[in-house]
Amino acid sequence: EAQVTQNPRYLITVTGKKLTVTCSQNMNHEYMSWYRQDPGLGLRQIYYSMNVEVTDKGDVPEGYKVSRKEKRNFPLILESPSPNQTSLYFCASTRGLAGRNEQFFGPGTRLTVL
Amino acid sequence: GQQVMQIPQYQHVQEGEDFTTYCNSSTTLSNIQWYKQRPGGHPVFLIQLVKSGEVKKQKRLTFQFGEAKKNSSLHITATQTTDVGTYFCAGGNNDMRFGAGTRLTVKP
(Lines give C-alpha, C1' and ligand atoms only; values in the text may rest on other atoms or scores of the structure.)
Protein backbone atom coordinates (compact mmCIF):
# COMPACT_ATOMS: atom_id res chain seq x y z
CA GLU A 1 0.00 0.00 0.00
CA ALA A 2 1.35 3.41 -1.02
CA GLN A 3 1.79 5.51 2.06
CA VAL A 4 3.70 8.06 4.08
CA THR A 5 4.45 7.05 7.66
CA GLN A 6 5.47 9.23 10.57
CA ASN A 7 6.74 8.34 14.03
CA PRO A 8 5.93 9.03 16.71
CA ARG A 9 2.29 10.02 16.30
CA TYR A 10 2.21 11.78 19.66
CA LEU A 11 5.05 13.20 21.68
CA ILE A 12 5.23 15.22 24.88
CA THR A 13 8.66 16.53 25.73
CA VAL A 14 10.39 19.29 27.67
CA THR A 15 12.17 22.40 26.52
CA GLY A 16 15.68 21.75 25.24
CA LYS A 17 15.49 17.98 24.86
CA LYS A 18 16.52 17.06 21.34
CA LEU A 19 14.02 15.02 19.36
CA THR A 20 13.59 13.53 15.91
CA VAL A 21 10.37 12.86 14.06
CA THR A 22 10.81 10.28 11.34
CA CYS A 23 9.08 10.27 7.97
CA SER A 24 9.20 7.53 5.38
CA GLN A 25 7.48 7.02 2.02
CA ASN A 26 7.30 3.90 -0.14
CA MET A 27 6.33 5.55 -3.43
CA ASN A 28 9.84 6.40 -4.68
CA HIS A 29 8.95 10.09 -4.64
CA GLU A 30 11.70 12.62 -5.26
CA TYR A 31 10.08 15.43 -3.30
CA MET A 32 9.42 15.41 0.43
CA SER A 33 8.34 18.19 2.74
CA TRP A 34 7.53 19.03 6.35
CA TYR A 35 4.65 21.25 7.43
CA ARG A 36 3.36 22.46 10.73
CA GLN A 37 -0.32 23.14 11.31
CA ASP A 38 -1.52 25.65 13.86
CA PRO A 39 -5.09 26.88 14.45
CA GLY A 40 -5.98 29.75 12.17
CA LEU A 41 -2.69 29.54 10.28
CA GLY A 42 -3.22 26.54 8.07
CA LEU A 43 -0.24 24.53 6.91
CA ARG A 44 3.13 26.24 6.86
CA GLN A 45 6.09 24.68 5.15
CA ILE A 46 9.18 24.13 7.29
CA TYR A 47 11.65 22.45 4.94
CA TYR A 48 11.47 20.58 1.70
CA SER A 49 13.74 18.29 -0.27
CA MET A 50 13.75 17.86 -4.02
CA ASN A 51 15.92 14.75 -3.89
CA VAL A 52 18.64 12.99 -1.91
CA GLU A 53 21.09 15.43 -0.34
CA VAL A 54 19.05 18.42 -1.60
CA THR A 55 17.12 20.37 1.03
CA ASP A 56 15.80 23.91 1.22
CA LYS A 57 14.05 26.18 3.66
CA GLY A 58 10.33 26.73 3.58
CA ASP A 59 8.41 29.49 5.28
CA VAL A 60 9.19 28.69 8.91
CA PRO A 61 12.55 26.86 9.16
CA GLU A 62 13.86 28.46 12.37
CA GLY A 63 14.52 25.90 15.11
CA TYR A 64 14.36 22.89 12.77
CA LYS A 65 16.82 20.76 10.86
CA VAL A 66 16.31 18.09 8.24
CA SER A 67 18.39 15.61 6.32
CA ARG A 68 17.79 13.53 3.20
CA LYS A 69 20.36 10.74 3.08
CA GLU A 70 18.00 8.24 1.48
CA LYS A 71 15.20 8.82 -0.97
CA ARG A 72 12.54 7.26 1.22
CA ASN A 73 13.36 9.01 4.53
CA PHE A 74 13.16 12.64 5.58
CA PRO A 75 13.56 13.10 9.35
CA LEU A 76 12.72 16.36 11.11
CA ILE A 77 15.09 17.29 13.93
CA LEU A 78 14.42 19.72 16.74
CA GLU A 79 17.77 20.24 18.43
CA SER A 80 16.45 22.36 21.29
CA PRO A 81 12.65 22.35 21.27
CA SER A 82 10.77 25.30 22.70
CA PRO A 83 7.08 25.67 23.66
CA ASN A 84 6.35 27.68 20.49
CA GLN A 85 7.12 24.52 18.52
CA THR A 86 4.10 22.82 20.04
CA SER A 87 2.11 21.96 16.94
CA LEU A 88 0.76 19.29 14.62
CA TYR A 89 3.39 18.23 12.11
CA PHE A 90 2.81 16.64 8.73
CA CYS A 91 5.26 15.06 6.36
CA ALA A 92 4.32 14.89 2.68
CA SER A 93 5.78 13.47 -0.50
CA THR A 94 5.15 13.85 -4.20
CA ARG A 95 6.51 12.85 -7.55
CA GLY A 96 8.42 15.72 -9.16
CA LEU A 97 7.48 19.27 -8.17
CA ALA A 98 5.09 19.72 -5.24
CA GLY A 99 3.14 22.41 -7.00
CA ARG A 100 2.55 20.28 -10.08
CA ASN A 101 1.55 16.99 -8.53
CA GLU A 102 -0.59 15.56 -5.78
CA GLN A 103 1.04 15.64 -2.36
CA PHE A 104 0.55 12.57 -0.14
CA PHE A 105 0.48 13.39 3.55
CA GLY A 106 1.44 11.28 6.52
CA PRO A 107 -0.95 10.83 9.47
CA GLY A 108 0.62 13.65 11.49
CA THR A 109 2.66 13.96 14.67
CA ARG A 110 1.21 15.94 17.54
CA LEU A 111 4.07 17.48 19.50
CA THR A 112 3.78 19.20 22.86
CA VAL A 113 6.80 20.99 24.30
CA LEU A 114 6.48 21.86 27.99
CA GLY B 1 6.88 36.58 -0.76
CA GLN B 2 3.83 34.85 -2.08
CA GLN B 3 0.82 34.82 0.22
CA VAL B 4 -2.32 32.74 -0.11
CA MET B 5 -5.41 33.99 1.67
CA GLN B 6 -8.58 32.00 2.14
CA ILE B 7 -12.06 33.02 3.32
CA PRO B 8 -14.17 32.42 5.23
CA GLN B 9 -12.32 30.84 8.13
CA TYR B 10 -15.45 29.01 9.29
CA GLN B 11 -18.75 28.12 7.64
CA HIS B 12 -21.66 26.40 9.32
CA VAL B 13 -24.48 25.24 7.08
CA GLN B 14 -27.66 23.24 7.26
CA GLU B 15 -27.47 19.96 5.36
CA GLY B 16 -28.64 20.59 1.82
CA GLU B 17 -27.38 24.18 1.67
CA ASP B 18 -24.55 25.22 -0.63
CA PHE B 19 -21.04 26.14 0.49
CA THR B 20 -18.27 28.18 -1.11
CA THR B 21 -14.70 28.90 -0.06
CA TYR B 22 -12.49 31.48 -1.78
CA CYS B 23 -8.76 31.59 -2.23
CA ASN B 24 -6.66 34.60 -3.27
CA SER B 25 -2.96 34.77 -4.00
CA SER B 26 -0.76 37.87 -3.86
CA THR B 27 1.05 36.64 -6.97
CA THR B 28 0.09 34.80 -10.14
CA LEU B 29 0.02 31.07 -9.63
CA SER B 30 1.19 28.51 -12.15
CA ASN B 31 -1.53 26.24 -10.79
CA ILE B 32 -3.56 25.69 -7.66
CA GLN B 33 -4.40 22.63 -5.63
CA TRP B 34 -7.26 21.90 -3.25
CA TYR B 35 -7.10 19.57 -0.26
CA LYS B 36 -9.64 18.32 2.28
CA GLN B 37 -8.81 17.46 5.86
CA ARG B 38 -11.38 15.54 7.87
CA PRO B 39 -11.46 16.20 11.64
CA GLY B 40 -8.51 14.39 13.21
CA GLY B 41 -7.14 13.42 9.80
CA HIS B 42 -4.52 14.52 7.36
CA PRO B 43 -4.93 16.62 4.20
CA VAL B 44 -6.05 14.66 1.17
CA PHE B 45 -5.64 15.93 -2.38
CA LEU B 46 -8.86 16.79 -4.19
CA ILE B 47 -7.86 18.41 -7.45
CA GLN B 48 -5.40 20.60 -9.33
CA LEU B 49 -6.28 23.46 -11.68
CA VAL B 50 -3.76 24.65 -14.23
CA LYS B 51 -5.38 26.75 -16.94
CA SER B 52 -6.65 30.30 -16.68
CA GLY B 53 -10.44 30.27 -16.23
CA GLU B 54 -10.50 26.52 -15.75
CA VAL B 55 -13.57 24.90 -14.20
CA LYS B 56 -13.60 21.31 -12.97
CA LYS B 57 -16.35 19.30 -11.36
CA GLN B 58 -16.30 16.31 -9.06
CA LYS B 59 -19.89 15.28 -8.39
CA ARG B 60 -21.25 18.05 -6.15
CA LEU B 61 -17.93 19.92 -5.99
CA THR B 62 -17.08 22.65 -8.52
CA PHE B 63 -13.60 24.15 -8.66
CA GLN B 64 -12.72 27.36 -10.51
CA PHE B 65 -9.43 29.05 -11.34
CA GLY B 66 -9.58 32.75 -12.06
CA GLU B 67 -8.72 34.31 -15.38
CA ALA B 68 -5.70 36.06 -13.88
CA LYS B 69 -4.64 32.86 -12.08
CA LYS B 70 -4.61 34.69 -8.76
CA ASN B 71 -7.84 33.40 -7.28
CA SER B 72 -9.80 30.21 -7.02
CA SER B 73 -12.98 28.89 -5.47
CA LEU B 74 -14.52 25.63 -4.35
CA HIS B 75 -18.29 25.34 -4.37
CA ILE B 76 -20.22 22.44 -2.88
CA THR B 77 -23.83 22.01 -3.92
CA ALA B 78 -26.32 20.55 -1.45
CA THR B 79 -23.89 19.79 1.35
CA GLN B 80 -23.99 16.47 3.14
CA THR B 81 -22.63 15.50 6.56
CA THR B 82 -19.80 13.69 4.80
CA ASP B 83 -18.55 17.07 3.52
CA VAL B 84 -17.52 18.10 7.04
CA GLY B 85 -13.87 19.08 7.29
CA THR B 86 -11.39 21.81 6.48
CA TYR B 87 -10.74 22.74 2.87
CA PHE B 88 -7.37 24.17 1.90
CA CYS B 89 -6.08 25.73 -1.27
CA ALA B 90 -2.37 25.64 -2.05
CA GLY B 91 -0.06 27.12 -4.65
CA GLY B 92 3.62 27.26 -5.44
CA ASN B 93 6.30 25.16 -7.03
CA ASN B 94 8.61 23.58 -4.49
CA ASP B 95 7.85 26.17 -1.84
CA MET B 96 4.19 25.50 -1.25
CA ARG B 97 1.89 28.08 0.29
CA PHE B 98 -1.35 26.91 1.83
CA GLY B 99 -4.33 29.04 2.67
CA ALA B 100 -5.44 29.04 6.30
CA GLY B 101 -8.35 26.81 5.37
CA THR B 102 -12.13 26.99 5.66
CA ARG B 103 -13.64 24.78 8.29
CA LEU B 104 -17.04 23.47 7.21
CA THR B 105 -19.56 22.08 9.66
CA VAL B 106 -22.88 20.66 8.51
CA LYS B 107 -25.95 20.40 10.68
CA PRO B 108 -28.12 17.37 9.81
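Proteins come first, then strands; the chains are lettered A, B, ... in the order of their sequence lines, and each starts at number 1.
Here the shortest heavy-atom pairing between B:A90 and B:Y35 reads CB-CE1, 4.4 Å.
Interface remark: B:D95 contributes backbone and side-chain atoms alike to the contact with chain A (heavy atom separation under 4.5 Å). With a 4.5 Å cut-off on non-hydrogen atoms, B:Y10 does not touch chain A at all.
Hydrophobic cluster membership is shared by B:L104 and B:F63, with clusters built from Ile, Leu, Val, Met, Phe, Trp and Tyr side chains linked at under 4.5 angstrom. In the hydrophobic clustering of ILVMFWY residues, with side-chain heavy atoms under 4.5 Å counting as a link, A:V21 and A:V60 come out together. Hydrophobic clustering (ILVMFWY, side-chain heavy atoms < 4.5 Å, transitive): B:L74 and B:V106 are in one cluster.
The aromatic rings of A:F105 and B:F98 stand perpendicular to each other, their planes meeting at an angle above 60°, with 30° marking the opposite boundary.
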Please test A:Q6 against A:T109 for side-chain hydrogen bond (donor to acceptor under 3.5 Å, both in side chains), starting from the C-alpha separation and ending with a verdict.
CA-CA 7 Å; A:Q6 293 179 228; A:T109 295; 3.1 Å; yes
Please step through side chain to side chain contact (heavy atoms under 4.5 Å, CB included) for the pair A:Q103 and A:Y35, ending with a clear verdict.
CA-CA 12 Å; A:Q103 285 196 78; A:Y35 297 90; 3.0 Å; yes
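B:Q58 places a side-chain N or O within donor-acceptor distance of the main-chain N or O of B:L46, the cut-off being under 3.5 Å. Remark: the backbone N or O of B:T82 is not paired with any side-chain donor or acceptor of B:Q80 at under 3.5 angstrom.
In this structure, CD1 in B:I47 is found 12.0 Å from CG in B:N31, a value given to the nearest 0.5 Å. If you take CG on A:N101 and CZ on A:R95, they are separated by 4.5 Å, rounding to the nearest 0.5 Å.
Between the side chains of B:H75 and B:T20, at least one donor N or O sits under 3.5 Å from an acceptor N or O.
For residues 61-85 of chain A, a heavy-atom distance under 4.5 Å to chain B picks out no residue at all. Contacts between residues 39-57 of chain A and chain B, defined by a heavy-atom separation under 4.5 Å, are made by A:G40, A:L41, A:G42, A:L43, A:Q45, A:Y48, A:M50. Applying a 4.5 Å heavy-atom cutoff, the residues of residues 36-45 of chain B that approach chain A are B:Q37, B:G41, B:H42, B:P43, B:F45.
A 4.5 Å side-chain heavy-atom check between B:W34 and B:C23 finds at least one atom pair inside the cut-off.
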Expected list for residues 8-17 of chain A: side-chain donor-acceptor pairs under 3.5 angstrom, two or more places apart:
{"unit_1": "A:R9", "atom_1": "NE", "unit_2": "A:G108", "atom_2": "O", "d": "2.9"}
{"unit_1": "A:T15", "atom_1": "OG1", "unit_2": "A:L114", "atom_2": "O", "d": "2.7"}

